[in-house]
Amino acid sequence: MNPKSPTLEQRVRSLEDRNYIHEITSRFADSANRVDPDAFVSLWAQDAIWQIGPPISKEFKGHDEIRSAFLGLLCNAWEFFIQMPSAHVIEIDGATATASSFVNEVSFRDTCVNDCLN
């Protein structure tokens, strides 16, 4: 065995970490699809910052703001809404991990989404 090759334990840990990160992304979309604010907020650290890009372009800090934004964006806001996460890229370096994914959203309603956040 190559001395620089990861051990079986390290390889299993990496797979577990990747699976956990992938699961978080799935739970993000699942909680949005079910409009479950408790499940959604549970995914965030107390001091988390949720940044939403254009066209919303807003930032929400902490559980209270995140819950409020979630409810404003999803509760009774859409006639139809679904999130579909894909293209997960997960990089693990020791005890540090970074991840990104692409989330497609399909929704319909008659007025602009920014109305719910004002």
Roughly how far, to the nearest 0.5 Å, is [atom2] of [Y] from [atom1] of [X]?
X	Y	atom1	atom2	answer
T25	D30	OG1	CG	12.5 Å
I52	S57	CD1	OG	9.5 Å
T7	R13	OG1	CZ	12.0 Å

Distance-only, no hydrogens or angles: does the [X] side chain make a donor-acceptor pair with backbone N or O of [Y] under 3.5 Å?
X	Y	value
S42	A39	yes
S31	R27	yes
N33	A29	yes

On a heavy-atom basis, which atom in [X] and which in [Y] lie closest, and how many Å separate them?
X	Y	answer
W44	H63	O-NE2, 2.7 Å
S107	W78	OG-CZ3, 3.3 Å
I90	A99	CG1-CB, 4.1 Å
S101	H88	CB-ND1, 3.4 Å
D36	R34	OD2-NH1, 3.1 Å
K61	E65	N-OE1, 2.8 Å

Within the 6.0 Å centroid threshold, strictly below: W50 and F40: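 Yes, they do, as the ring centres are separated by less than 6.0 Å.
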same_hphob_cluster([X], [Y]) at 4.5 Å side-chain heavy-atom cutoff:
X	Y	value
V103	I82	no
I92	Y20	no
L71	I49	no
I24	F60	yes

Of Q10, E16, E9, the residue whose pairing with V12 passes side chain to side chain contact (heavy atoms under 4.5 Å, CB included): E16
Side-chain heavy atoms of T96 within contact of E91, under 4.5 Å: no
